[in-house]
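The chains referred to below are lettered A, B, ... by the order of the sequence lines, with proteins before strands, and numbering in each begins at 1.
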Protein chains: 2
Amino acid sequence: MPEIVWPEGLKKTKQRDAVVKILESAEAPLSAPDIYAQIEKDGQAVWLSTVYRILELFTEKGLVTKTPVLDGDMAYYELRRHDHRHYAVCVDCHKIVPIQDCPMTGFEPKISDDFRVLGHRIEMYGYCKDCDKRNKSSKE
Amino acid sequence: MPEIVWPEGLKKTKQRDAVVKILESAEAPLSAPDIYAQIEKDGQAVWLSTVYRILELFTEKGLVTKTPVLDGDMAYYELRRHDHRHYAVCVDCHKIVPIQDCPMTGFEPKISDDFRVLGHRIEMYGYCKDCDKRNKSSKE
DNA sequence: TTCTATGCAAATATTTTGCAACTCT
DNA sequence: AGAGTTGCAAAATATTTGCATAGAA
């Protein structure tokens with residue numbers, strides 16, 4: 001069962017289907033090369049530039065959200081779902097872990113007069129369990 | 001009066017001073033090319049790669065925070081001040097506006113068992129007053 | 001058939017790196 | 001003097017674009 005509504009005017013192609021499928025089964029944002037690699041691994045042929053083009057198009061159509069992660073050497077993409085998720089990112093191994101709830105709920109920023117807020121992005125950073133443990137034991 | 005403590009072991013050079021001065025007077029995060037352009041405009045000579053190197057070093061030393069903005073085509077840098085600020089970014093003109101207070105205060109994410117949280121980043125996005133007005137009037 | 005999407009190559013943009021010359025301490 | 005910094009050029013990485021062909025409606 002597809003989680004998305006296909007925007008009218010867009011043709012369905014196997015490349016686009018592949019991208020959607022990867023995004024649907026992802027539980028954390030993925031980079032374009034991530035998605036490209038997964039499609040290849042599934043035995044399908046795509047070009048990285050095509051993946052970029054699809055992601056850009058999907059972002060435009062509101063299907064996908066483009067967001068930088070951590071210190072941002074790459075852009076990450078995720079399906080724009082009905083639920084509202086944020087992530088914690090490990091500063092060491094760059095693992096991405098979903099956070100359950102959103103601290104912005106009910107929060108009204110004081111800028112609202114000067115700014116029409118459409119949404120927000122929250123990212124926590126720190127050490128995941130594994131890296132935390134490793135750092136402690138190696139006393140680094 | 002300098003807002004920062006110069007890390008020991010780092011030499012003071014006019015390039016580094018220039019970068020610090022720009023960052024001190026900025027009230028929103030700046031990209032490396034932004035900083036480079038401002039220094040040039042002040043009549044000083046620097047190389048962009050030097051600016052990048054200085055910012056990387058400062059980030060390592062904890063003087064500066066590197067953070068991607070909006071959809072992240074570039075990294076932005078800001079002085080790591082004592083106060084804790086977040087920003088709203090206009091999706092149209094990319095203007096960056098500081099937000100007064102932080103919705104995370106007192107918030108304890110449910111992941112804390114599996115993750116040692118060091119900090120967080122929040123970014124609101126939407127339309128700034130000018131772009132909102134312009135979009136309404138041009139009925140675009 | 002007609003319009004759009006993709007393959008492919010080549011360009012662009014941002015950031016990083018290597019090394020010799022220079023400049024702080 | 002000696003270690004750390006910068007100028008400069010060139011490389012590396014991420015992403016975008018142009019155009020002819022292939023594919024969906």
Does B:Ser49 reach a base, just sugar-phosphate, or nothing at all? Heavy atoms under 4.0 Å.
base

Reckon A:Ala32 touches a base, only the sugar-phosphate, or nothing at all at heavy-atom distances under 4.0 Å? nothing

What is the separation between atom [atom1] on [X] and atom [atom2] on [N], rounded to the nearest whole Å?
| X | N | atom1 | atom2 | answer |
| --- | --- | --- | --- | --- |
| B:Leu48 | D:dA10 | CG | C1' | 14 Å |
| B:Asp73 | D:dT13 | CG | C1' | 14 Å |
| A:Trp47 | C:dA11 | CH2 | C1' | 15 Å |
| B:Lys66 | C:dT16 | NZ | C1' | 10 Å |
| A:Trp6 | D:dA24 | CH2 | C1' | 12 Å |
| A:Asp34 | D:dT15 | CG | P | 10 Å |

Here the gap from A:Thr65 atom OG1 to A:Leu79 atom CG, rounded to the nearest 0.5 Å, amounts to 8.5 Å

Minimal heavy-atom distance between B:Arg16 and B:Phe58, with the atoms involved, is CB-CZ, 4.2 Å

For A:Arg121 and B:Pro68, the nearest pair of non-hydrogen atoms, with its separation, is NH2-O, 4.1 Å

Residues passing the side chain to side chain contact (heavy atoms under 4.5 Å, CB included) test with A:Gln15, sequence neighbours excluded, are A:Thr13, A:Val46, A:Thr50, A:Ile54

So ring pair (Phe, Tyr, Trp, His ring centres under 6.0 Å) across residues 27-52 of chain B, not counting sequence neighbours, yields none

Expected list for residues 7-19 of chain B near DNA chain C, using heavy atoms below 4.0 Å, is B:Lys11, B:Lys12

Notebook entry, point to check: In terms of side-chain geometry, is the basic nitrogen of A:Lys95 or A:Asp130 positioned less than 4.0 Å from the acidic oxygen of its partner?
Noted result: yes

Sorted by chain and residue number, the ring pair (Phe, Tyr, Trp, His ring centres under 6.0 Å) partners of B:Tyr76 (sequence neighbours excluded) come out as none

So for atom CD, which belongs to B:Gln44, do other residues, nucleotides or ligands contribute more than 12 heavy atoms lying within a distance under 6.0 Å? yes

Without placing hydrogens or testing angles, list every side-chain donor-acceptor pair under 3.5 Å for residues 85-93 of chain B, not counting sequence neighbours.
from    : atom 1 : to       : atom 2 : distance (Å)
B:His86 : NE2    : B:His84  : NE2    : 3.1
B:His86 : NE2    : B:His120 : NE2    : 3.2
B:Tyr87 : OH     : B:Glu78  : OE1    : 2.6

Residues of residues 51-61 of chain A with a heavy atom under 4.0 Å from any atom of DNA chain D, listed by number, are A:Tyr52, A:Arg53

